[in-house]
**Q** 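Mind looking over this structure? Questions follow.
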Number of protein chains: 2
Amino acid sequence: MTSQAADEPETVVASRRSKITPEREREFFDAVLEQIRECGYESVTMEGVAASTRCSKSTLYRQWKTKPQFVAAALRANRRVRFTGIDTGSLADDLRQAARAAGDWSAKDTKLLQALGHAMTSDQELSRALREALIDPEIAALQEMLARGVARGEIRSDHPALEYVPAMMLGVLRVRPVLCGEYADSDYLARFVEAAVLPALGLT
Amino acid sequence: MTSQAADEPETVVASRRSKITPEREREFFDAVLEQIRECGYESVTMEGVAASTRCSKSTLYRQWKTKPQFVAAALRANRRVRFTGIDTGSLADDLRQAARAAGDWSAKDTKLLQALGHAMTSDQELSRALREALIDPEIAALQEMLARGVARGEIRSDHPALEYVPAMMLGVLRVRPVLCGEYADSDYLARFVEAAVLPALGLT
DNA sequence: GTGTACCGGTACTCAGCCGTATCGGTACAC
DNA sequence: GTGTACCGATACGGCTGAGTACCGGTACAC
């Protein structure tokens, strides 16, 4: 849908369909995601997004048919690889570093997940987009770490706690604000890994 | 607001203010909570609740001023003590039994929390009601278990994993449906306690 | 220069829901 | 029997937001 920006600099055949530059598009996406984090999915309006980006509601509806499709597109554009470049050679250190890294974007991602948590049960496209953007990459990265640890022989592949590591990490991320009102930061996550995750895995 | 039912059987002075019996009131509360679980807070309408309980919208507005106040009242009425009567004399067995018990109501409570997760950030009364109904009782019960374990000398009071037990338990409850699409049942929670929580605490 | 087609702005339709008002029916008190 | 006051039903006002239509301006292609 917006993939022509990747390999079509300026002068290619397919007649330009839109004057919206990729940078402009990202402004729209950032605006709607930010408003979702602040006000929740239901309270976000196309008018509000248009106003905050100084564009016209018509412009948004020319690019995306409906509000959920617009939000889903924003989520997919926001998708990025998590925990990039974490590979210390030690499972324990990988997890420690992942905890530190997660602290940076935990608040933003958790807010999004919280705000869209129920909307995703009604709209299937939204659900898939949210999963691809926020959930699958994190789980995949964690499982990759664990797989490397198994391959190095640091932990047995049938260790009973292995399958619960993603749930523990993401679970703590998500419930922290509910339990004590503030989002999990790097320090909290690092202490959690040290005090609970590593002992459960039998590492130190 | 509705506390006269507790100590006023039938024949007391204070003129009856409402013909709504406590049983009828509970029907209203059950209906609105169920609709919240199904459709989310924003999508629940007073008209829908009235229709599904075959009462009039006026009846609801006579008892409760606004929709959030109505929902908050329903939450408070739904409040109940969790993990009642769990006291096996062993911290590990307490946690095992709590996991089994939690499986019974985890789906309903998790749906509510998910549906109201963002609404609670905007309405303070709703937020407090939700916390009192669904979060505080569970945390209190867990911490009581842990305190008993400490008192019996099963675990040192400064064990680093102690403070993360509530977050682990509730975290897993909440993210399970996000991760794999189904709610945490008793078996899953029991296996989680066995494989992750108890080892983190150094029990067995 | 000329034309095309997209952009921003505004006005509009349509639908849904909150909360209020009104009215007849009825159960209970006395 | 009589009165009171609550219940259920319905209709209504007001607002908000999704999505559409139209219109003038303008940038880019050729």
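In this text, all values refer to a predicted model and were calculated from it rather than measured experimentally. Protein chains get the first letters and strands the later ones, always in sequence-line order, with residue 1 at the start of each. Only this structure's heavy atoms are used, side chains among them; waters, hydrogens and symmetry mates stay out.
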**Q** Taking only side-chain nitrogens and oxygens of Arg24(A), does any of them come within less than 4.0 Å of OP1 or OP2 of dC6(C)?
**A**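 Looking at the OP1 and OP2 atoms of dC6(C), neither is under 4.0 Å from any side-chain N or O of Arg24(A).
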**Q** In whole Å, I'd like the distance from the CH2 atom of Trp64(B) to the C1' atom of dT20(C).
**A**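 It works out to 18 Å between those atoms.
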**Q** I'd like to compare against my own output: the B/S/- annotation of nucleotides 13-19 of chain D with a strict under-4.0 Å heavy-atom distance to protein.
**A** ----SSB
**Q** Give a yes/no on whether any side-chain N or O of Gln63(B) is located under 4.0 angstrom from OP1 or OP2 of dC6(D).
**A**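 False: Gln63(B) side-chain N/O out of range (4.0 Å or more) of dC6(D) OP1/OP2.
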**Q** Taking CZ from Arg54(A) and P from dG8(C), how many angstroms apart are they, rounded to a whole number?
**A**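 In whole Å, dG8(C) P lies 11 Å from Arg54(A) CZ.
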**Q** Donor-acceptor pair, Arg79(A) side chain versus Glu132(A) backbone, under 3.5 Å?
**A**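 It does not hold such a pair.
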**Q** Looking at Gly103(A), is its backbone amide N or carbonyl O close enough to the side chain of Asp185(A) to form a donor-acceptor pair, meaning the two atoms are under 3.5 Å apart?
**A** no
**Q** Can you tell whether the side chains of Glu125(B) and Arg128(B) come within less than 4.0 Å, N to carboxylate O?
**A**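 Salt bridge flag = no for Arg128(B) with Glu125(B).
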**Q** Please determine whether a side-chain nitrogen or oxygen atom of Thr59(B) lies at a distance below 4.0 Å from atom OP1 or OP2 of dG8(D).
**A**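 Thr59(B) to dG8(D) OP1/OP2: side-chain N or O found under 4.0 Å.
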**Q** Check the distance between dG8(D)'s P and Leu60(B)'s CG and give it to me in whole angstrom.
**A** 9 Å
**Q** Any N or O donor-acceptor pair under 3.5 Å from the base of dG8(D) to the side chain of Arg62(B)?
**A**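 Looking at the base of dG8(D), it does pair with a donor or acceptor on the side chain of Arg62(B) (distance under 3.5 Å).
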**Q** Measure from the side-chain N and O atoms of Lys67(B) to the backbone N and O of Tyr41(B), and report whether any donor-acceptor pair falls under 3.5 Å.
**A** yes
**Q** To the nearest Å, give me how far apart CD1 (Ile20(B)) and C1' (dC28(C)) are.
**A** 15 Å
**Q** Looking at Glu27(B) and Arg24(B), is there a salt bridge between them, counting it only when a charged N and a carboxylate O are closer than 4.0 Å?
**A** yes
**Q** Taking the inter-plane angle between the rings of Phe29(A) and Phe70(A) on a 0 to 90° scale, is it parallel (under 30°), tilted (30 to 60°) or perpendicular (over 60°)?
**A** tilted
**Q** Let me check I have this right: for DNA chain D, each base becomes ., (, ), [, ] or |, based on Watson-Crick or G-U pairs with both distances under 3.5 Å. What is the full string?
**A** ||||||||||||||||||||||||||||||
**Q** According to the ring-ring contact (aromatic ring centres under 6.0 Å, His included) rule, which pairs have a member within residues 78-101 of chain A, sequence neighbours left out?
**A**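 Counting only pairs at least two positions apart or across chains, the ring-ring contact (aromatic ring centres under 6.0 Å, His included) contacts touching residues 78-101 of chain A are Phe83(A)-Trp105(A).
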**Q** Atom OG1 in Thr66(A), atom CG in Leu60(A): separation rounded to 0.5 Å?
**A**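 With rounding to 0.5 Å, OG1 (Thr66(A)) is 12.0 Å from CG (Leu60(A)).
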**Q** Under 4.0 Å between a side-chain nitrogen and a carboxylate oxygen: does that hold for Arg26(A) and Asp30(A)?
**A**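 Answer for the salt bridge query: yes.
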